[in-house]
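Worksheet: the structure to be examined is printed underneath.
Since we're looking at a predicted model, the values are computed, not measured. One-based numbering, in listed order, for ligands and for the atoms of each.
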Amino acid sequence: MIDPFGRAVTYLRVSVTDRCDFRCVYCMSEDMTFLPKADILSLEELDRICSAFVGHGVRKLRLTGGEPLVRRNIMWLFERLGRHLDSGALDELTLTTNGSQLPKYARALAAAGVKRVNISLDTLDADKFRAITRWGKFDRVMEGIAAAKDAGLGVKINTVALKGVNDDELSDMVRWCGAGGYDLTFIEVMPMGDIGDADRYDQYLPLSAVRARLEENWTLVESDHDSGGPARYVSVAETGRRIGFITPMTHNFCESCNRVRLTCTGTLYMCLGQEDAADLRAPIRASADNGLLDAAIAEAIGRKPKGHDFIIDRPHSAPAVSRHMSVTGG
Ligand code: SAM
Ligand code: SF4
């Protein structure tokens, strides 16, 4: 699948549910309205669409959400998709999770062929953790991270840089990840979805500032590592681990975009930061063979846009796109 700008689309992210057991302040408002259950694709339908994408050249699948591991019977989907790893059609099956369910599922994920997992953790301070996630249990997430490591999964920690919240402990995160053997990726907060009373301008911290501050304590060496996603990497000479920077705001990475995103209702977004989308639910429900689905996918890839135009400043603190990250899948 080659888009109009010559980019090969080889990476599909799937939000398997928009629901979550946390309510992170930059992601959701406390009183979220979730999608009606009747609109949600079944696990069999998700498998069918993911498998069609694999047939069209997708080499990497990431299940995300919402919290992917709170979807009922989700291990069935991981196990089912594992067949594409066995056949060699897929290079990687992975997930992004808040870690709360990993004590339960880490071993089963490894058995299904998952090799690495991204776990979101914005702070090492239990009180701050409660303030950021509203509903999260810090100790449980720590157990989840340990369970992933014990199961032999590679762990990458995702940390959203939040001004006045965790900017004083980012260096501690580097040390903690170094000691645990985890890579670490920092993310700039993006203007997606209404978050109630919180203001994204107040949260937004450019990663250029984070990097400058880290360089006071650590030797950061440029790295050409490519994880197949949007992060740019450095390695930390003192710990030997990598740090990634995902900078949608300060550096637009769209020119190398290889991704599209599927929601749990079968809507395909060709860009995280644009409203244009294609419906894949109607074509799969209209016919048992994949002719209509294949045509809808080809048509959608043919209008993948050049990039997003996120801005966060005082006059632009409203969301750039109305849907939440949990709908499109981060
Ligand atoms: N619930 C899982 C988790 O938290 O890892 C997976 C879904 S979550 C939407 C995926 C990632 O998106 C998380 O690392 C989260 O911190 C990040 N995220 C959510 N809202 C964001 C926003 N507005 N800007 C930047 N990152 C965001
Ligand atoms: Fe849930 Fe992940 Fe959003 Fe936090 S960032 S509310 S854990 S979906």
Discussion item. Are the side chains of Met142 and Leu121 in contact, using a 4.5 Å heavy-atom criterion?
Written reply: yes

Practice prompt. Would you mind listing which atoms of ligand 2 come within a distance below 4.0 Å of any non-hydrogen atom of Phe22?
Written response: 6 (S), 7 (S)

Fill in: Ion pair check, Asp91 and Arg59, cut-off under 4.0 Å
yes

Fill in: Salt bridge present between Asp3 and Arg7 (N-O < 4.0 angstrom)
yes

Practice prompt. Would you indicate whether the side-chain heavy atoms of Glu44 and Trp76 approach each other to under 4.5 Å?
Written response: yes

Discussion item. With heavy-atom distances below 4.0 Å as the criterion, list the atoms of ligand 1 near Met190.
Written reply: 22 (C), 23 (N), 24 (N), 25 (C)

Worksheet entry | Numbering as shown, the atoms of ligand 2 that approach Asn98 to under 4.0 Å (heavy-atom distance) | 7 (S)

Worksheet item: Heavy-atom distance under 4.5 Å between the side chains of Leu63 and Phe78, does that happen here?
Response: yes

Discussion item. Using heavy atoms and a 4.0 Å limit, tell me yes or no: is Gly66 in contact with ligand 2?
Written reply: yes

Discussion item. Is it the case that ligand 1 has an N or O less than 3.5 angstrom from some N or O of Tyr26?
Written reply: yes

Worksheet item: Which is closest to atom 6 (C) of ligand 1 by heavy-atom distance: Ser100, Ser120, Gly66?
Response: Gly66

Worksheet item: Which of the atoms of ligand 1 are close to Gly65, meaning less than 4.0 Å from one of its heavy atoms?
Response: 7 (C), 9 (C)

Worksheet item: Is the shortest N/O to N/O distance between Thr96 and ligand 1 below 3.5 Å?
Response: no

Response to the item:
Of all heavy-atom pairs linking Leu93 and Gly82, the shortest is CD2-N, 4.1 Å

Worksheet item: Within Cys27, is some N, O or S atom less than 2.8 Å away from atom 3 (Fe) of ligand 2?
Response: yes

Discussion item. Side chain, backbone, both or neither: which applies to Asn158 and ligand 1 if a contact is any heavy-atom pair less than 4.0 Å apart?
Written reply: side chain

Worksheet item: If you take all heavy atoms of Glu169 and Leu124, which pair is closest and at what distance?
Response: OE1-N, 3.1 Å

Item to complete: Could you tell me whether any N, O or S atom belonging to Cys24 is less than 2.8 Å from atom 4 (Fe) of ligand 2?
Response: yes

Item to complete: With heavy atoms of Thr97 as the reference, note each atom of ligand 1 found under 4.0 Å away.
Response: 2 (C), 3 (C), 5 (O)

Worksheet item: Does Met28 have a non-hydrogen atom less than 4.0 Å from ligand 1?
Response: no

Fill in: Linked, directly or transitively: Tyr11 and Met1 (ILVMFWY side chains, under 4.5 Å)
no

Practice prompt. Under 4.0 Å from a heavy atom of Val160: give me the atoms of ligand 1 that qualify, with their elements.
Written response: 16 (O), 26 (N)

Item to complete: Check the angle between the aromatic planes of Phe138 and Phe129 and answer parallel, tilted or perpendicular using the 30° and 60° thresholds.
Response: perpendicular

Practice prompt. Give the numbers and elements of all ligand 1 atoms closer than 4.0 Å to a heavy atom of Cys27.
Written response: 19 (C), 20 (N)

Fill in: Atoms of ligand 1, numbered as shown, that sit under 4.0 Å from any heavy atom of Thr64
6 (C), 7 (C)

Worksheet item: How far apart are the closest heavy atoms of Glu67 and Thr17, and which atoms are they?
Response: O-CG2, 3.3 Å

